[in-house]
K.L.:
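Attaching a single structure in structure tokens format; questions to follow.
A note on names: the letters A, B, ... follow the listed sequences, proteins ahead of strands, and every chain is numbered from 1.
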Amino acid sequence: MYEQTKTAHHGPAKGLMRWILTTNHKDIGTMYLVFSLMMFFIGGTMAFVIRAELFQPGLQLVRPEFFNQMTTMHGLIMVFGAVMPAFVGLANWQVPLMIGAPDMALPRLNNWSFWILPFAFLMLLSTLFMDGGAPNFGWTFYAPLSTTYAPPSVTFFIFAIHMMGISSIMGAINIIVTIFNMRTSGMDLMQMPMFVWTWLITAFLLIAVMPVLAAVVTMMLMDIHFGTSFFNAAGGGDPVLFQHVFWFFAHPEVYIMVLPAFGVVSQIIPAFSRKPLFGYASMVYATASIAILSFVVWAHHMFTVGLPLGGELFFMYSTMLIAIPTGVKVFNWISTMFKGSMTFETPMLFAIAFIVLFTIGGLSGLMLAIAPADFQYQDTYFVVAHFHYVLVPGSVFGIFAAVYYWLPKWCGNMYKESMGKLHFWLSIIGVNLTFFPMHFVGLAGMPRRIPDYALQFADFNMVTSIGAFLFGATQLLFVYNVIHTVRSGKKAPQKPWEGAEGLEWTVPSPAPYHTFTTPPAASEK
Amino acid sequence: MDHSPEHYYVPPQSHWPIIGAVGLFCTLGGTALTLHSMQQGQVSLFSQIILYSGVMIMAGMMYGWFANVIAETRKGLYSRQLDFSFRFGMSWFIFSEVMFFFAFFGALFYVRFFALPWLGGEGDKGIAHMLWPDFTAVWPLLSAPDTEQFPPIKEIINPWHVPVINTVLLLTSSLTLTLAHKALKLGKRGMIKLWLTITLMLGLSFLALQVVEYLEAYQHLDLTLRSGIYGATFFLLTGFHGVHVTIGSIILFVLLIRVFKGHFTKEKHFAFEAGAWYWHFVDVVWIILFTVVYVL
């Protein structure tokens with residue numbers, strides 16, 4: 001095979017096989033991004049079902065069993081199918097371009113990492129059509145709901161998670177090796193662009209915690225099929241053990257989903273403020289501190305499960321500590337903008353919205369970190385509001401910002417600025433209409449993951465649903481804009497953004513199929 | 001092609017990854033289908049066919065992919081920098097394995113020092129004792145709170161019989177593997193074959209003794225997966241370790257074949273080193289496992 005197809009210095013192969021057999025980081029990045037967009041719409045459709053049912057009190061559209069499947073699958077698909085692959089796609093495209101590498105360090109492994117994913121989600125989505133339905137135990141799949149009381153499809157869920165884990169670990173290994181080994185000569189670690197730094201730390205987190213996820217679903221599998229008692233107190237195990245292992249994975253996972261967005265924002269804010277990033281070194285240390293702290297805060301998700309008092313206190317204070325490095329980052333972004341010659345193109349708008357709205361999500365996180373207060377908030381819509389504020393105007397806006405920022409480099413064409421702005425404004429209205437009222441109903445005691453609710457929550461729920469429909473429909477604008485840009489946008493220059501810095505802007509637009517086959521000189525900064 | 005150190009080999013299109021993705025899908029999907037039908041009390045031929053074809057596709061993929069890489073490295077396509085990529089890649093892969101075992105050791109730790117004492121009425125959450133008032137928490141836990149669902153264990157494995165022999169076997173194998181590596185660096189081909197064969201034999205003996213131990217546990221000691229948390233953690237940890245010894249033995253076997261074929265030079269033998277790292281890692285896991293699972 002490798003004998004005949006020495007295409008290394010030519011353009012891409014033709015047809016479908018180009019995508020299936022490719023070892024090119026740009027092709028693979030594109031596939032990750034397209035896959036993520038498809039999953040975003042599948043997961044979004046499930047959110048539509050949820051919000052349609054909650055439009056009014058009472059049961060109108062779906063049965064409660066199906067509602068539970070929708071909340072579960074929405075969470076799983078958005079986390080593992082939409083947000084994570086989108087960031088891996090961005091890393092695939094941008095990391096080699098930003099460090100002056102010819103490709104990812106292990107290109108064939110890179111292809112494998114991607115192609116495992118469609119099969120994993122085929123398996124996960126197939127559970128919707130099985131007897132007993134899809135997983136219905138929430139995306140956190142707490143035992144014994146996911147073991148003793150789970151639908152039979154849970155076995156397929158477990159193996160789908162295993163496949164996603166293998167994909168993520170291989171992808172993360174590739175990114176970490178690329179960053180350590182493939183930087184152009186003269187680019188020290190402390191000269192790397194922030195996006196590369198945040199991905200280095202994210203990749204470390206992935207390699208550290210995805211195996212823990214694999215371990216916890218393996219213990220579930222053993223409990224379900226082989227009669228063990230890890231999560232069953234009757235055999236000397238403990239259902240709370242499940243939560244400990246799960247959150248040891250899932251708290252770093254939260255940062256896996258947001259650190260690359262920090263990186264994106266740290267690229268975009270300086271570019272459109274026409275100033276270098278304020279406090280580069282402190283930004284690096286803050287990111288690393290967040291990553292390290294993420295390993296010692298997991299039980300703040302479990303305050304009400306019955307932890308010893310010492311545990312409650314430890315996890316409360318360690319969680320609050322995270323506010324310090326996060327605050328450093330937010331102040332650095334603001335200081336970067338201070339007295340800058342700012343312009344407000346679409347990527348910048350999304351980046352600024354990220355800072356404001358992510359901070360709201362961070363502050364509600366601080367409220368949730370206070371153990372005694374959390375007893376009130378636990379399992380209410382306040383929690384839903386909190387994590388959607390960090391994931392939607394956080395991670396997802398970070399992805400939008402990155403796509404608008406780098407799309408001209410990827411396809412060589414400029415997107416329609418007016419439509420990008422419209423997408424931004426409708427999105428930001430939609431996001432806040434959807435998630436802000438959730439704070440109020442949550443504090444008033446509306447429980448999450450329930451298809452019906454008390455009458456006093458009706459008005460805010462209707463507002464939320466209208467906001468969700470608006471936000472969802474708005475995303476079609478984004479898809480139209482991207483497709484139109486790729487097909488027939490007007491030509492973009494090599495460096496479409498006046499204030500942008502970095503090696504990716506030293507190659508033509510669109511970036512040639514193979515870039516940096518000989519290492520470029522690192523720009524002196 | 002340019003072979004200067006600056007040139008990094010980017011492989012052309014490859015069909016192995018997609019074969020690997022299909023193989024993984026069939027293997028895991030077939031396993032899921034098989035377990036699913038067993039849960040329903042059926043035997044499904046279809047799911048087993050999927051499972052075994054998946055395993056075969058995976059084996060073929062591994063063979064083909066590695067053969068491809070070996071052919072490329074022997075043609076001299078790989079630079080020093082690419083060698084580092086493999087080294088970093090293997091190191092981080094082993095780190096991911098460390099974290100996999102870390103989770104299981106963590107579970108064992110939590111059960112021993114938190115969950116069981118609480119069930120026995122001690123400590124902050126000792127109120128859990130009201131669930132099974134007759135339960136006493138001891139370790140090793142021979143008798144689970146609910147002995148009908150989880151039948152009691154007669155006796156646990158004595159660490160100073162088979163397990164201590166196994167410890168000696170694995171420690172010796174790490175030593176002989178290092179001797180093989182030394183011989184490789186000195187270019188003494190005969191000695192490499194000797195020490196590598198001995199290492200492989202020690203690994204296989206370990207596995208054989210582990211099988212003996214499992215049979216003893218199931219047939220005479222009533223120590224099974226179903227005998228509560230002691231059996232569950234015991235078999236999970238030793239079982240996954242055994243799986244890793246099996247994988248390590250396959251790696252050693254492949255290395256041995258390659259040595260016989262005249263592969264590896266004094267300077268360049270990364271595959272050998274990667275295999276050795278993996279084997280030492282499995283050895284270290286065993287030492288921790290012997291200490292905290294068998295002895296303490």
Side-chain angles (χ1 to χ4, degrees), chain A residues 1-2 5-8 13 20-23 102-103 105-108 111-112 115-116 119 123 152 155-156 158-159 162-163 166 169 173 176-177 180-182 207-212 214-216 219 222 225-230 233-238 241 244-245 248 306 308-309 518-519, chain B residues 6 8 10-18 20-22 24-25 28-29 31-32 35-36 38-40 65 68 72 81 84-85 88-89 92-93 95-97 99-100 102-104 106-107 110-111 114-116 119 123-125 128 131 141 144-146 149-150 225-226 228-232 236:
Chain A
M1 183 82 193
Y2 58 92
T5 51
K6 279 230 166 74
T7 52
I20 292 180
L21 305 180
T22 187
T23 50
D103 205 296
L106 305 160
R108 281 177 289 225
N111 177 308
W112 197 37
W115 275 106
I116 291 171
F119 289 103
M123 195 183 286
T155 312
F156 295 90
I158 288 172
F159 284 104
H162 271 307
M163 292 180 78
I166 293 170
I169 292 170
I173 288 176
I176 225 168
V177 173
F180 274 138
N181 195 31
M182 305 285 284
I207 302 175
V209 301
M210 290 311 277
V212 177
V216 76
M219 288 191 271
M222 301 288 287
H225 290 289
F226 299 101
T228 55
S229 58
F230 291 106
D238 189 349
L241 170 62
H244 280 292
V245 187
F248 187 84
L309 184 62
T518 48
Chain B
E6 283 83 22
Y8 194 88
V10 177
Q13 290 195 327
S14 170
H15 52 259
W16 297 119
I18 188 73
V22 173
L24 189 67
F25 181 61
L28 296 185
T31 314
L35 290 171
H36 189 252
M38 276 162 62
Q39 201 176 27
Q40 254 93 59
W65 193 332
N68 196 341
E72 283 169 2
Q81 194 187 7
F84 271 106
S85 288
F88 277 122
W92 286 103
F93 172 69
F95 175 62
S96 79
E97 294 267 39
M99 292 306 293
F100 186 65
F102 171 80
F104 293 142
Y110 177 83
V111 164
F114 294 101
L116 278 181
L119 276 176
D124 284 339
K125 297 291 154 186
L131 289 169
L141 185 72
D146 180 348
Q149 205 184 343
F150 300 99
L225 279 170
R226 293 176 184 279
I229 196 66
Y230 184 85
L236 189 78

K.L.:
Which atoms of B/L35 come close to chain A, meaning under 4.5 Å heavy atom to heavy atom: side chain ones, backbone ones, both, or neither?
P.N.:
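For B/L35, the contact with chain A is made by backbone and side chain together.
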K.L.:
Between B/D124 and chain A, which part of the residue has a heavy atom less than 4.5 Å away: side chain, backbone, both or neither?
P.N.:
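Only the side chain of B/D124 comes within 4.5 Å of chain A.
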K.L.:
Under a 4.5 Å heavy-atom cut-off, does chain A meet the side chain of B/Y110, its backbone, both or neither?
P.N.:
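Just the side chain, heavy atoms under 4.5 Å.
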K.L.:
Would you compute the distance between atom CD1 of A/I169 and atom CE of B/M99 and round it to the nearest 0.5 angstrom?
P.N.:
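Separation between the atoms: 10.5 Å.
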K.L.:
Do you know which of B/A107, B/G89, B/G123, B/S85 has the most heavy-atom pairs with chain A at a distance under 4.5 angstrom?
P.N.:
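Most heavy-atom pairs under 4.5 Å with chain A: B/S85.
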K.L.:
Does any part of the side chain of B/Q81, heavy atoms only, come nearer than 4.5 Å to the side chain of A/N181, both counted from C-beta?
P.N.:
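Yes, at least one pair of side-chain atoms sits under 4.5 Å.
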K.L.:
Please tell me if the side chains of B/L24 and A/H162 come closer than 4.5 Å, counting only heavy atoms from C-beta onward.
P.N.:
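Of all side-chain heavy-atom pairs linking A/H162 with B/L24, none is under 4.5 Å.
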K.L.:
For A/M210, which atoms come within 4.5 Å of any heavy atom of chain B: side chain, backbone, both, or neither?
P.N.:
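No part of A/M210 comes within 4.5 Å of chain B.
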K.L.:
Test side-chain contact (heavy atoms from CB on, under 4.5 Å) on B/Q13 and A/N111; report intermediate values, then the result.
P.N.:
CA-CA 10 Å; B/Q13 290 195 327; A/N111 177 308; over 6 Å; no
K.L.:
Which one wins on heavy-atom pair count under 4.5 Å against chain B: A/P211, A/A234, A/G227?
P.N.:
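With the most close heavy-atom pairs to chain B, the winner is A/A234.
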K.L.:
Search all heavy atoms of B/A103 against all heavy atoms of A/A215 and return the closest pair with its distance.
P.N.:
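Heavy-atom minimum between the residues: CB-CB, 3.4 Å.
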K.L.:
Go through B/F88 and A/I176 one step at a time and tell me if the side-chain contact (heavy atoms from CB on, under 4.5 Å) criterion holds.
P.N.:
CA-CA 8 Å; B/F88 277 122; A/I176 225 168; 5.9 Å; no
K.L.:
Has the side chain of A/T155 got a donor or acceptor atom that lies under 3.5 Å from a matching backbone atom of B/H36?
P.N.:
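Side chain of A/T155 to backbone of B/H36: no pair is present.
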K.L.:
Is A/I166 in contact with chain B via its backbone, its side chain, both, or neither, using a 4.5 Å heavy-atom distance?
P.N.:
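Side chain only.
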K.L.:
Only pairs of heavy atoms separated by less than 4.5 Å count here; which of A/L309, A/L241, A/V212 has the most with chain B?
P.N.:
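Among the listed options, the one with the most contacts to chain B is A/L241.
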K.L.:
Quick check: closest heavy atoms across A/P102 and B/V10, and the distance to 0.1 Å?
P.N.:
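That closest heavy-atom pairing would be CB-CG2, 4.3 Å.
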K.L.:
Report the C-alpha separation of B/V22 and A/F119 in whole Å, then their side-chain angles, then the decisive distance to 0.1 Å, and conclude whether the side-chain contact (heavy atoms from CB on, under 4.5 Å) test is met.
P.N.:
CA-CA 8 Å; B/V22 173; A/F119 289 103; 3.7 Å; yes
K.L.:
Between A/S229 and B/F150, is there a side-chain heavy-atom distance shorter than 4.5 Å?
P.N.:
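Side-chain contact under 4.5 Å: yes.
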K.L.:
Is there a side-chain contact between A/W115 and B/F25 (heavy atoms, below 4.5 Å)?
P.N.:
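No, their side chains stay 4.5 Å or more apart.
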K.L.:
Within a strict 4.5 Å, meaning less than it, do heavy atoms of the B/S14 and A/L21 side chains meet?
P.N.:
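No. Closest side-chain heavy atoms not under 4.5 Å.
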K.L.:
Of the listed residues (B/W65, B/F84, B/Y230), which shares the most heavy-atom pairs with chain A below a 4.5 Å separation?
P.N.:
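Counting heavy-atom pairs under 4.5 Å, the top option is B/W65.
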K.L.:
Quick one: pull up CH2 in B/W16 and OG1 in A/T23 and give me the separation to the nearest 0.5 Å.
P.N.:
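The OG1 atom of A/T23 is 15.5 Å from CH2 of B/W16, to the nearest 0.5 Å.
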K.L.:
Is the closest side-chain heavy-atom distance between B/V111 and A/D238 below 4.5 Å?
P.N.:
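Answer no - side chains too far apart.
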K.L.:
Heavy atoms, side chains only, cut-off 4.5 Å: are A/H225 and B/M38 in contact?
P.N.:
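No, their side chains stay 4.5 Å or more apart.
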K.L.:
Just so I understand: if I count every heavy-atom pair under 4.5 Å between each of A/A208, A/A214, A/G306 and chain B, which residue has the most?
P.N.:
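Sorted descending by pairs with chain B, the first entry is A/A208.
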K.L.:
Under 4.5 Å between any side-chain heavy atoms of B/L236 and A/M222, yes or no?
P.N.:
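When only atoms from C-beta onward are counted, A/M222 and B/L236 do touch, with a gap below 4.5 Å.
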K.L.:
Looking at every non-hydrogen atom in both residues, tell me the closest pair between B/L225 and A/F226 and how far apart they are.
P.N.:
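Nearest pair, atom of B/L225 first, then A/F226: CB-O, 3.7 Å.
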K.L.:
Relative to chain A, which of B/E97, B/Q149, B/Q39 shows the most heavy atom pairs under 4.5 Å?
P.N.:
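Of the options given, most contacts go to B/Q39.
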K.L.:
If you compare all heavy atoms of B/K125 against all heavy atoms of A/P308, which two are closest, and at what distance to 0.1 Å?
P.N.:
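Minimum heavy-atom separation between B/K125 and A/P308: CE-N, 3.8 Å.
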K.L.:
For residues B/F102 and A/F248, establish whether the separation of their ring centroids is below 6.0 Å.
P.N.:
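Yes, they do, as the ring centres are separated by less than 6.0 Å.
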K.L.:
Are any side-chain N or O atoms of B/Y8 and backbone N or O atoms of A/M182, one a donor and one an acceptor, separated by less than 3.5 Å?
P.N.:
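Side chain of B/Y8 to backbone of A/M182, a donor-acceptor pair under 3.5 Å: no, none is there.
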K.L.:
Who among B/A128, B/A144, B/G231, B/S96 has the most heavy-atom pairs with chain A under 4.5 Å?
P.N.:
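Most heavy-atom pairs under 4.5 Å with chain A: B/S96.
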K.L.:
Which heavy-atom pair separates A/G235 from B/L141 by the least distance, and what is that distance?
P.N.:
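Residues A/G235 and B/L141, closest heavy atoms: O-CD2, 4.3 Å.
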K.L.:
Would you compute the distance between atom CD1 of A/I158 and atom CG of B/L28 and round it to the nearest 0.5 angstrom?
P.N.:
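It comes to 11.5 Å.
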K.L.:
Between A/P107 and B/P11, what is the shortest heavy-atom contact and its length?
P.N.:
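For A/P107 versus B/P11, the nearest heavy atoms are CG-CD, 3.5 Å.
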